[in-house]
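To start, the structure under review is shown below, and the notes come after it.
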Amino acid sequence: MPRLLILGGTTEATALAKRLASHPRIDARVSLAGRTRNPVLPPLPTRIGGFGGVEGLAAYLRDEGIGAAIDATHPFAARISANAAAACAQAGVPLRLLTRPAWVAGPRDRWIGVPDMDAAAQALRDLGDTVFLTIGRQEVAAFEAMPGKRYLIRAVDPPEPMPALPRMSLILDRGPFTLEGERALMRGHGVEVVVSKNSGGRATDAKLEAARELGLPVVMVQRPAGNGVAELYGVEDAMEWLEGM
């Protein structure tokens with residue numbers, strides 16, 4: 001059984017790490033990008049920080065004798081995934097993408113699909129005044145292009161630097177979130193529009209159900225294009241692939 005590297009940072013990565021923590025044959029370790037100040041550490045040997053691009057990751061794969069890799073990073077971690085695909089190809093290491101299905105709008109949803117954060121900001125022009133940004137902390141600066149709105153920003157860590165938005169409130173919190181909690185938050189802050197990345201998964205989908213119940217529009221940022229890496233949907237698929245190697 002080859003030594004395994006999990007590029008982590010998601011609930012799926014943590015669930016897979018838990019399955020492998022006591023596995024008798026699979027020697028696995030996890031790498032976290034270090035974008036969160038106090039990450040939830042998986043129950044496996046874990047390194048935190050970047051590799052220094054494609055060449056650095058390829059060298060790590062060779063030096064550590066990694067024989068297989070699973071990219072279980074966030075669906076919007078496009079650069080990390082691209083580097084992983086290029087480095088694994090360079091080092092001759094089999095790679096799979098452990099992902100989650102994207103959310104799909106239902107008949108009662110009022111979604112406005114956009115390709116990126118700049119387009120999301122522009123989409124707010126003719127929508128409500130109070131905007132709930134549920135996009136993390138790294139891309140909130142894009143909304144400086146629409147400074148007249150009132151923003152409620154939720155992230156695990158504060159944005160750095162803080163965006164220049166004159167009417168802004170910050171909530172520091174980490175999912176999973178409940179429908180009751182999301183409904184109360186939106187009502188309590190008078191939210192009129194939600195902005196979200198289409199990350200999929202159950203940990204943060206309650207905001208979409210709450211928006212549906214309250215009749216709120218959701219500006220939904222589409223996922224970046226993939227890198228042609230074969231996908232695994234769920235921990236069981238990942239375990240089956242590993243056991244079959």
Least distance between heavy atoms, [X] atom then [Y] atom:
X: Ala123; Y: Val114; answer: CB-CG1, 4.2 Å
X: Ala28; Y: Pro45; answer: O-CD, 3.7 Å
X: Met117; Y: Val221; answer: CE-CG2, 3.8 Å
X: Asn198; Y: Trp103; answer: OD1-N, 2.8 Å

Walk me through whether Lys149 and Val193 qualify under side chain to side chain contact (heavy atoms under 4.5 Å, CB included). CA-CA 11 Å; Lys149 303 288 183 176; Val193 56; over 6 Å; no
Check ion pair Arg96-Asp237 (N to O, under 4.0 angstrom):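 The answer is no: the pair does not qualify as a salt bridge.
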Atom [atom1] of [X]: over 12 foreign heavy atoms under 6.0 Å:
X: Glu64; atom1: CD; result: yes
X: Arg79; atom1: CZ; result: no
X: Arg202; atom1: CZ; result: no

Arg110 CZ to Leu127 CG distance, which is reported to the nearest 0.5 Å: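 Atom-to-atom, Arg110:CZ and Leu127:CG are 8.0 Å apart.
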How long is the gap from CG on Leu232 to CG on Leu16, to the nearest 0.5 Å?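 Reported value, rounded in 0.5 Å steps: 9.0 Å.
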Derivation and outcome, side chain to side chain contact (heavy atoms under 4.5 Å, CB included), residues Arg183 and Glu209: CA-CA 9 Å; Arg183 188 194 298 122; Glu209 188 172 351; over 6 Å; no
Evaluate side chain to side chain contact (heavy atoms under 4.5 Å, CB included) for Val191 paired with Leu214, printing each intermediate quantity in order. CA-CA 10 Å; Val191 170; Leu214 298 173; over 6 Å; no
Run the side chain to side chain contact (heavy atoms under 4.5 Å, CB included) check on Phe177 and Thr134 step by step: do they pass? CA-CA 12 Å; Phe177 302 105; Thr134 64; over 6 Å; no
Checking side-chain polar atoms at under 3.5 Å, does Ser81 have a donor or acceptor matched by the opposite partner on Asp71?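 Looking only at side-chain atoms, Asp71 and Ser81 do form a donor-acceptor pair, the distance falling under 3.5 Å.
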Modelled atom types, side-chain donor and acceptor of Thr130 and Arg150, under 3.5 Å: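 Yes.
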Are Leu124 and Phe143 close enough that some pair of their side-chain heavy atoms sits under 4.5 Å apart?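 Side chain of Leu124 against side chain of Phe143, heavy atoms only: contact under 4.5 Å found.
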